[in-house]
Amino acid sequence: MADPSKGTKRSSVDGDAQDSKRLKTKGGDSNGKMAESNPYLAHLNEDNNNNQNGFDSPLDKLERHKTTSQQAAACEDSDLNPWTGNPHSQSYFKILKTRRDLPVSKQREEFLAMYHSTQILVFVGETGSGKTTQIPQYVLYDELPHLTGKLIACTQPRRVAAMSVAQRVANELDVQLGEEVGYSIRFENRTGPKTLLKYMTDGQLLREAMHDPDMTRYSCIILDEAHERTLATDILMALLKEIAQRRSDLKIIVMSATLDAQKFQTYFSLKKEDPPAPLLAVPGRTHPVEIFYTPEPERDYVEAAVRTVLQIHAVEPEGDILLFLTGEEEIEDACRRISLEVDDMVRESDAGPMAIYPLYGTLPPHQQQKIFDKAPEPLRKGGRPGRKCIVATNIAETSLTIDGIVYVVDPGFSKQKIYNPRSRVESLLVSPISKASAQQRAGRAGRTRPGKCFRLYTEKAFKKELIEQTYPEILRSNLSNTILELKKLGIEDLVHFDFMDPPAPETMMRALEELNYLSCLDDDGGLTHLGSLASEFPLDPALAVMLISSPEFFCSNEILSITSLLSVPQIWIRPNNNRKRADEMKAQFAHPDGDHLTLLNAYHAYKGAEQSGEDTKRWCHEHFLSFRHLQSADNVRAQLKRIMETHDIELVSTPFQNKDYYTNIRRALVAGFFMQVAMRESSNSKVYKTVKDDQLVMIHPSTVVQSPYDWVVYNEFVLTTKQYVRTVTNIRPEWLLEIAPVYYDIDTFEKGEIKSALTRLTEKVKRRQAIKGGR
Amino acid sequence: MGLAGAKNKRRLGNDPNNTKWSRNTETFGQKLLRSQGWEPGQYLGAQGAAHAESYTEASTSHIRVTLKDDTLGLGAKRNNGDECTGLNAFQHLLGRLNGKSEDVLAAEEKKREDTKLSLYVERKLGRINFVRGGWLVGDTLKEEPKADAPDVKSESDDEEEESTEAAEPVETTATEEKKSSKKRKADDKDEEKAARKKEKKSKRRKTDPDEGDDAETDSEDPKDKKKDKKSKKRKTTESTDENADPTESSKSSKKSKKDKERQSAEESSEDVTDANSAEDAKKAKKEKKKEKKEKKEKRKKDKSPSDSGAEDKKEKKRRKKEKEASESTAASGVSTPTEGGSGYSTPTVTTNTRYLARSRFIAQKKMAFADTAALNQIFMIKS
């Protein structure tokens with residue numbers, strides 16, 4: 001899976017710039033010759049030029065960290081844009097007026113006073129208070145980054161949010177996106193030498209920190225949506241807490257949308273005896289929401305949800321509906337059922353029309369955009385008003401703001417990532433939401449006017465069965481990647497690293513162990529060269545290691561393709577009404593040795609179609625492949641290739657005619673995934689046993705592998721009613737002993753089939769060698 | 001799981017939780033953590049941190065979840081076939097064993113009979129629909145009677161109400177039918193609701209000496225209610241059994257399901273708990289309720305006991321409906337007897353939804369055949 005929180009490595013040019021700046025700050029030289037060599041100070045010279053040309057910015061009158069809201073307002077009201085010196089566009093003052101109507105605007109003075117008096121500030125504003133767009137601008141007018149050359153960063157958990165908010169703020173400040181205001185996300189950087197305010201994903205800031213441990217480029221860092229507690233935000237908070245002690249000039253604002261702020265406050269008191277970090281709360285523009293529970297539990301929450309939606313449509317006044325379900329399949333099914341029933345309702349009675357939109361992560365963006373369409377018009381003039389119904393996963397819980405929602409239907413479940421360090425399985429499972437998240441969902445109904453939330457569970461269930469807060473991602477994930485990043489950040493003592501919620505010790509142990517087996521950490525816990533290299537890739541360590549070691553097997557081009565294909569969602573499409581045809585098409589690409597190779601074949605066929613000038617979109621459709629995911633795999637491949645090139649990793653291929661072409665690839669797979677190997681239990685069984693963890697698994701039915709092999713390497717462990725391994729490829733056990741001798745040290749195995757099989761194997765190998773030697 | 005239940009065979013390994021690994025103290029990870037000063041049983045994280053008290057148990061060990069592969073709602077338990085049904089006939093006996101007074105038991109019995117009767121009539125004859133026509137106060141029609149209306153007036157109201165009901169034109173379109181069922185169900189459920197309200201009240205006022213008697217009888221209410229529900233449940237199961245005709249039964253069951261949900265929504269509106277958002281609305285509601293209750297009690301005292309019962313109830317129901325209609329349409333005055341024999345709020349679905357739509361279509365066709373004007377149109381006969 002592609003992890004959006006991870007970014008590419010920053011180019012080395014940036015690194016140089018940072019170094020020079022650090023020198024500068026140490027020297028205390030405020031506007032010296034360094035400014036010319038530093039691209040981020042380049043605008044200083046320009047400003048001087050501007051002044052000579054007669055542009056008199058109102059900002060010149062301001063004194064850093066001593067501004068007031070009146071002064072800032074005066075600057076905003078000036079005829080010329082204070083940041084560019086150009087006259088304002090027509091819409092500027094119109095936008096300015098709406099900005100000043102935002103709830104947060106009333107507290108600008110209070111905010112500035114607090115901001116001046118403290119280093120770390122916790123800011124709580126409900127959704128709709130305008131905090132994401134306004135606070136960074138308030139800081140901008142106070143920090144005056146064009147004087148210091150230090151930027152303001154605002155992190156977002158999602159790439160889309162970073163992009164759209166940056167665009168919005170650029171409009172509000174009347175500047176070009178990518179100039180004064182920019183954004184930086186994985187695989188895309190739209191900032192320039194003039195950039196003063198930068199929106200970025202939290203993962204991207206973390207990546208930057210690897211090369212700039214003190215975050216010297218920034219004078220203020222704003223962590224937005226901290227209540228979502230993404231993995232990257234959690235690590236950033238701990239890091240910033242440390243940095244704040246070293247750098248007293250760095251200001252930090254932690255913004256949250258929920259009432260949980262107290263936790264942030266205690267966490268950010270730098271020393272134990274210090275008082276908690278100060279808090280500023282801004283009321284949002286929300287309306288009351290009436291909550292309804294069912295008197296009895298529901299037998300079938302999907303059925304109940306569908307009925308509730310229909311009933312709302314039948315009896316409730318105008319207003320859009322938001323229904324929360326867990327996954328793609330469930331959502332599509334519910335949409336189908338609702339639309340069938342609504343059609344009947346419209347045909348047989350005077351019901352208004354209803355537009356139904358699904359919404360989930362893997363939906364193509366243009367279809368996601370549809371949820372912002374207006375509700376349909378009444379069927380005839382004066383008829384009942386139409387409404388729209390959005391059936392969504394929990395992305396609609398916090399990240400998206402859809403106006404017009406008045407009714408929320410909440411069955412109380414969502415798909416959540418869970419990691420079990422003992423069986424090393426990370427899976428997405430349907431589980432009950434938390435109370436906090438139920439309140440968030442209900443709150444969605446009160447954005448435009450008083451709304452209603454229908455909870456498809458009893459009040460008792462709400463009180464007894466739901467946990468208080470959703471567990472942060474750090475407690476639910478495999479941490480091997482995070483630990484690698486922390487090591488790269490120079491954190492030696494992982495035990496006492498100041499997590500807001502420390503992960504379970506077993507999870508940490510497992511991560512360390514995996515990294516050690518992958519040779520990313522040496523036996524003393526230090527980062528190896530391989531580990532350092534692997535951390536440059538925005539990939540899971542196993543994939544990164546496989547990629548880095550692939551030149552040894554003369555197939556880095558192919559492994560690069562496979563890695564990118566494994567980093568995007570499944571490329572195979574299997575529509576319910578056309579399964580047979582889809583399977584036939586997949587069989588065309590099938591390689592008898594396994595799914596990894598089949599993926600590669602499909603990719604090569606896709607590239608072939610592209611080169612021969614075919615309509616690739618149609619080609620994909622005909623072959624039941626996802627055009628979008630293949631495209632993004634192509635994109636990921638290009639990015640990874642660039643990283644490989646910067647680190648001088650050779651791109652080589654075995655000639656296709658060579659009989660070892662596929663064997664080499666399979667061997668290279670083992671180099672990364674030797675910890676994900678399963679052995680068949682007995683010669684006529686379908687059940688496999690995973691190596692060392694001894695979990696009983698079956699091969700997922702989606703596989704192309706026909707004849708049962710004794711040893712397979714797998715990409716994924718899937719947990720449903722049965723335990724499955726998905727995307728498997730046949731390997732030879734000898735390779736395991738040869739490529740990963742440390743992991744396959746027979747003495748470390750428990751007694752069992754696998755141990756005896758491996759023992760037999762070693763003896764066989766020894767004998768063969770002895771025969772060879774004897775000759 | 002009974003013998004008829006789906007078999008879910010699953011083989012587990014010898015050590016599905018891999019305790020072998022977690023007990024192993026020789027792993028690299030454990031050795032490294034120990035070398036940095038960690039001891040088994042300790043949290044990771046900064047030592048003596050101020051925020052340590054907010055750590056959850058997920059910081060000690062991984063999060064355990066149960067695998068959910070069905071669509072069972074939150075809080076619902078699978079029926080394992082060990083639940084008792086058919087206790088309806090013994091309600092009287094059981095109630096006595098539980099120490100209920102004869103009056104209460106008789107009232108319950110009557111309630112059960114009432115529901116049974118109304119259900120029977122509904123099934124057999126269908127319902128006639130009425131549209132609300134306001135209140136006749138003196139000589140003028142009003143939307144709602146005045147809060148401080150004297151008793152005489154309220155009596156006349158009731159009479160008026162009945163007469164308007166009778167005078168109302170009969171409508172039998174599909175949409176209207178829904179409304180009627182609402183009304184009927186409101187009738188059925190009203191008692192129960194009133195009881196519940198009383199119960200709440202009584203809790204609030206237990207110290208009030210005037211309400212002493214009230215509180216005493218009310219304290220038994222929860223039990224009563226439960227039984228009531230059970231009995232009703234049974235009745236509905238019976239009814240669905242009887243409704244063998246697919247068109248008929250599916251139609252009614254569908255409708256009742258809808259009503260059901262509406263009702264549930266309404267009911268829960270009474271105990272809204274979202275403290276921060278809906279508080280104001282709640283307060284207002286509560287006040288209104290209180291007011292009504294007081295009024296009712298006053299009237300009760302004034303009126304002769306014989307006629308107060310039925311009329312009072314009706315009156316109350318009316319007002320309640322109005323109040324709810326004005327406040328929220330989710331609570332559009334619907335309440336149904338508890339249906340669904342399995343303790344879930346959605347009743348058992350015997351036909352799939354697609355079939356329901358089809359059956360409605362068939363019913364519509366039938367209706368068209370009965371209507372000569374429509375037939376003429378279909379066959380394009382000009383008359």
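Below, chain A is the first sequence line, B the second, and so on; all start at residue 1.
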| message | For B/Glu57, which atoms come within 4.5 Å of any heavy atom of chain A: side chain, backbone, both, or neither? | response |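 For B/Glu57, the side chain is the part near chain A, not the backbone.
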| field | chain A contact via B/Lys20 - which portion, at a heavy-atom distance below 4.5 Å | value |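 Interface part for B/Lys20: side chain.
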Counting only heavy atoms closer than 4.5 Å, note whether [X] contacts chain B via side chain, backbone, both or neither.
X	value
A/Lys241	side chain
A/Leu466	side chain
A/Pro421	both
A/Gln265	neither
A/Tyr517	neither
A/Lys464	neither
A/Asp524	backbone

Do you know which of [options] has the most heavy-atom pairs with chain B at a distance under 4.5 angstrom?
options	value
A/Thr507, A/Val302, A/Asp493	A/Asp493
A/Leu696, A/Asp498, A/Asn420, A/Val495	A/Val495
A/Asp694, A/Leu456, A/Ile474, A/Ile418	A/Ile418
A/Gly412, A/Pro503, A/Ala461	A/Pro503

Drop me the distance from [X]'s [atom1] to [Y]'s [atom2], to the nearest 0.5 angstrom.
X	Y	atom1	atom2	answer
A/Lys722	B/Leu67	NZ	CG	12.0 Å
A/Met508	B/Gln30	CE	CD	13.0 Å
B/Leu72	A/Glu298	CG	CD	10.0 Å
A/Asp693	B/Asn17	CG	CG	12.0 Å

| said: Please identify which of these residues, A/Lys263, A/Met500, A/Gln262, A/Gln469, meets the side-chain contact (heavy atoms from CB on, under 4.5 Å) condition with B/Ser54. | reply: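 Among A/Lys263, A/Met500, A/Gln262, A/Gln469, the one that satisfies the side-chain contact (heavy atoms from CB on, under 4.5 Å) with B/Ser54 is A/Lys263.
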Under a 4.5 Å cut-off applied to non-hydrogen side-chain atoms, are [X] and [Y] in contact?
X	Y	result
B/Thr71	A/Glu303	no
A/Glu506	B/Ser22	yes
A/Phe413	B/Lys68	yes
A/Tyr471	B/Thr56	yes

| Heavy-atom count around B/Gln47 CD within 6.0 Å, excluding the residue itself: above 12? |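 For B/Gln47, atom CD is not crowded (no more than 12 foreign heavy atoms under 6.0 Å).
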For [X] against [Y], the heavy-atom pair lying closest together:
X	Y	result
B/Leu74	A/Pro297	O-CB, 4.0 Å
A/Leu475	B/Ile63	O-CD1, 3.6 Å
A/Pro505	B/Ser59	CD-O, 3.5 Å
B/Phe28	A/Leu521	CE2-CD1, 4.5 Å
A/Leu494	B/Gln36	N-OE1, 3.2 Å
B/Tyr55	A/Pro502	CE2-CD, 3.2 Å

| task | Establish, for the pair A/Arg510 and B/Trp21, whether the NZ or CZ atom is under 6.0 angstrom from the six-membered ring centre and no further than 45 degrees off its axis. | result |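 Flagged: A/Arg510 positioned over aromatic ring of B/Trp21.
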| query | Looking just at side-chain N and O atoms, do B/Asn18 and A/Ser423 make a donor-acceptor pair shorter than 3.5 Å? | reply |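 There is no such pair (donor and acceptor under 3.5 Å, judged by atom type) between the side chains of B/Asn18 and A/Ser423.
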| query | Donor-acceptor pair, B/His51 side chain versus A/Phe499 backbone, under 3.5 Å? | reply |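 Checking the backbone N and O of A/Phe499 against the side chain of B/His51, a donor-acceptor pair under 3.5 Å is found.
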| Top contributor to chain A contacts, counting heavy-atom pairs under 4.5 Å, from B/Asn24, B/Thr27, B/Leu33, B/Val65 |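 Maximum pair count with chain A is reached by B/Leu33.
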